[in-house]
Amino acid sequence: MGRNWGNTFIVAGLFALLLGAVIISFGLGRYPIPLREVLGIALSKIYPLGQFWTDRTETVLLQIRFPRIILACLVGACLSATGAAYQGVFQNPMAAPDILGASAGAAFGAALAILNHGRSFTITVSAFFFSLLTVSLVYFFSRRIKGKSILGLILSGIVVGSLFSAATSLVKLVADPTDQLPAIIYWLMGSLAGVGNSDIRFAIIPMILGLAPLLLLRWRMNVLTMGDDESRAMGINVHRIRFLVIICSTLATAAGVAVSGMVGWVGLVIPHVARKIVGNNYLHLLPASILCGAIFLLLVDNVSRNLLAVEIPLGILTAFIGAPFFIYLITRRGEYS
Amino acid sequence: MNKNKHKLVLLAGITCLALALLTAAGCTGDPAGEPDGARETVTFTDSAGREVEIPAEISRVVPSGTMAQIVLFALAPDKLAGLSERWSPAAGEYLDEKYRELPVLGQFYGGKGNHNLEEIARVDPQLIIDVGEPKPSIAEDMDGISEKVDIPAVHISATMETMGDAYRTLGELLGMADEGAVLADYCDEVYRRTREISEEVGAEGKKRLLYCSGDNGLNVITAGSFHAEIVDLVGDNVAVVEEAAGKGTDNPVDLEQIALWDPEVIIFAPGSIYSTVAGEKSWRELTAVKEGRYYEVPAGPYNWMGFPPSVNRFMGMIWLSELLYPDLAGYDGYKEAARYYKLFYHCELAEGQYRELVARSLLKDQ
Amino acid sequence: MSIEVSSLSFDYGRNRVLKQVSFTAQDHELLSVLGPNGVGKTTLFRCILGLLRGYRGQILVDGIDISGLGAAGMAKLIAYVPQFHYPSFNYSVFDMVLMGTSVQVSAFSSPGRKQKKLVEEALERLGIAHLKDRGFTRISSGEQQLVLLARALVQESKILVMDEPTSNLDYGNQVRVLTEVKSLVGEGYTIIQSTHNPDLAFMFSDKVLALKDGAVLGFGPPDQVFTEELIYDLYGMKVKLESLYHDQVRVCVPKNIADKAVSPGFVSNL
């Protein structure tokens, strides 16, 4: 059990790392805010403090930087937690949060809302509900496929997902090329530019409703990796657990993707990073995935908003970092491959 | 081992964090502190009907997008504190160096874009200006930006027809009423003249016209779309498609469809297949190509026909009217262009430059 | 605990895989199921484990019809030792065995101190305690089979169903695993295993069930069921059964080899 205790410390360490990263991120941005003022503004929220910063500084910190940092962490946490959960319940190391079409559906919902001149909140809501709708369709069809349930889910995920992608392409085709089309394209590239506190208020409830049960179910995920027959023989109601995991993961993914747009690779790569760090036992793997995902996306978003005066879409950065890193990971499989 | 305790602590921690975030997100909606009393402000009602408190004297503005950038550059180039988009490389020939070095802040598209809000805050303009077609979401979009950066943002709605009014409003807003009036009168005049020509030609006399783009020339601007405004107005846009095909403007079609439409005149977007079309067997059979009535839209620094559909289109109106109906229009191409470039790009267009711009865009000797 | 299967039939579509299979197994019994590949052994096991529904006939465990039981109810009666396969993800031996206790904890929690103690005991019992922190894929195949056995033990059900527990083991490990199995039977477990090795089946089993084309070819104590005819019917191979140590052990020798060996001057001990 030495390993378990070691892993508990690692998870605690990751949490500390995340906290540190969050604090440092508050001091980073194109708009210069000294750390002293960051702390002052933070402190003034709980303790009356003489204002030694400008109103503008406070607005930028609270209206731009705060929601962005928080959402980067939340989206990263959701994507990698659901990635890890799906890898377990689908017994497949290549599973990612969008395997059941959650992203494809969200993309279509967002594109449709943009086409209909939706306000930015409408776009988020539309992406969220189309994401849920897509996964429900996938689940519904998979129940009609005879034989192996995992294969059925993955196959109908591919089919329904590509249907929605085609529908998104259709929307792109008819969208106005000067403003709607670029808006759709930016959405598909994923970005946290322009998110606000209203996005946090919208996303945090489904995110928690998704993540909390996943955390509670994490021992069952271990058993599910053994395969359907074995886990059932060990007394697990495989279909019910998998169904629960899919519902929770979909809630979390849909909420994440709805605010961030398509951010690829996080859900696939980060769980594998976490596997390298704490092993495959979900008791530690899931918390570690959540923390690593939050740290990763926070760092990448920091690059996205700081590197150039214009934003670099987040999805592009995660792909540029994620893909080579994944190749590095799979070419040197260690003990916990 | 106290696994359960450990788990409880973890969950409790996460819940606390979430609650903290929720409350933090809830309470940051507080209005920021009162405005600086030292500065005088006025209330301005923008085209979206929003009452916005803005500084009485404005010397630094940023555009919300390329459309606004071009409009504002014509009126107040020295008040621009930043750009939405880097000027095209071709702009180097026309625009003063200092305007090309302004910081680029990205474009705002309603949903996501590449605009960097913190960078906008850092550049610290007094006002963010959006110019363009009014969108249903515009009021909320403008409020959203200005709430996040603590800088007022206004929307001035403008179409080809109302560009004159837009310039008058902008002139008033920026304390440049005279300059605004000059541009407004120009826009009104060109638009009115274009309409007159179009009416004189009449529905019967209009040239059957097609605008083709794309690297195979097979994308067309369909009649009735926002981008087809000039093509529809000056010519008889043959690209009429059913509503179902969408209001898209870069609609892909095949050559058979183009042959079926059989336009009298084809204009190609810059960089499309103007230079190679004569050598292509399939295109050569089209009447317009066979008879040499195909042209390339001049571009510099922007496409005269739009993209972005900003004030660059007024130059397009003049060019297209003159191209299709030289007898009626009677424009002096160079003089008109020189006037336009002076007004909107603040540069002296040399005759050589003009020749180069329209080298592929004028009547060929037959 | 006893298991009683009567007139069990199962169809995959039009293909009848099990035909009227009946047998019983009591506690203190090791039942070996023999038969060539594709004969329906796996289907039979999946029916017994409650993984396949829609069979005809009846399966009673201690007199209770299992068709009405859910996964958790089944798991408390019968534990499953699968054939070795590479897991999707590698776990430590300890975690692997701990999974067997899942039925004892609710879906939203994870095994606690009591379950961990069970695991320690099972590992100790099978002599693999020293492996507990090793990765499952990093130990020998004999050890892996023992880990899977330990996982079934901590489930605390008294019937074990083992799918070819010895098929990919070397001879030493086969005997090692079967010896452990035998001693579990001695403690009162009811164990059903499938095997391809008639010699070992005879040596260790209390009962043998011979299946061919989904039907029972023979069922009973090994010394009654094991005949040269049965082996021929099962595998299409003529053998000579040699009895050793007062019929404690029977050895199958392919007929052609046996005929050569019993040549003039060669004294057989028949």
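The chains referred to below are lettered A, B, ... by the order of the sequence lines, with proteins before strands, and numbering in each begins at 1.
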Exercise for review: State, with a plain yes or no, whether a side-chain heavy atom of B:Val149 is found less than 4.5 Å away from one of A:Ile64.
Suggested key: yes
| request: Indicate yes or no for a side-chain donor-acceptor contact from B:Asn116 to the backbone of A:Arg30 under 3.5 Å, with no hydrogens or angles considered. | output: no
Looking at [atom1] of [X] and [atom2] of [Y], how far apart are the two atoms once the value is rounded to the nearest 0.5 Å?
X	Y	atom1	atom2	result
A:Tyr186	B:Gln107	OH	CD	7.5 Å
A:Arg305	B:Glu119	CZ	CD	12.5 Å
A:Tyr31	B:Ile120	OH	CD1	13.0 Å
B:Glu147	A:Thr59	CD	OG1	9.0 Å
B:Glu118	A:Ile33	CD	CD1	6.0 Å
A:Arg119	B:Asp143	CZ	CG	11.0 Å

Just give me the residue among A:Met207, A:Glu58, A:Gln51, A:Arg65 that pairs up with chain B most often, heavy atom to heavy atom, under 4.5 Å.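 The answer is A:Arg65.
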- [ ] Please test B:Ile151 against A:Arg56 for side chain to side chain contact (heavy atoms under 4.5 Å, CB included), starting from the C-alpha separation and ending with a verdict.
- [x] CA-CA 8 Å; B:Ile151 295 168; A:Arg56 169 76 51 80; 3.4 Å; yes
Exercise. Between A:Val310 and B:Gly106, which heavy-atom pair has the shortest distance, and what is it?
Worked result: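 A:Val310 and B:Gly106 have their closest heavy atoms at CG1-N, 3.3 Å.
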Smallest heavy-atom separation, B:His115 atom then A:Gly194 atom, equals NE2-CA, 4.5 Å
query = Given a strict heavy-atom distance threshold of 4.5 Å, which part of A:Leu181 is in contact with chain B: side chain, backbone, both, or neither?
reply =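 For A:Leu181, neither part sits under 4.5 Å from chain B.
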Q) Quick one: what part of A:Val259 sits under 4.5 Å from any heavy atom of chain B, side chain, backbone, both or neither? A)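 Answer is backbone: N, CA, C or O of A:Val259 sit under 4.5 Å from chain B.
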Worksheet item: side chain to side chain contact (heavy atoms under 4.5 Å, CB included) between A:Asp55 and B:Asp150: does it pass, once the steps are laid out?
Response: CA-CA 8 Å; A:Asp55 285 346; B:Asp150 196 19; 4.0 Å; yes
Measure distances from B:Leu105 to the heavy atoms of chain A and classify the residue's part below 4.5 Å as side chain, backbone, both or neither.
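The backbone, not the side chain.
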Check: Does CZ belonging to B:Arg86 count more than 12 external heavy atoms closer than 6.0 Å?
Finding: no
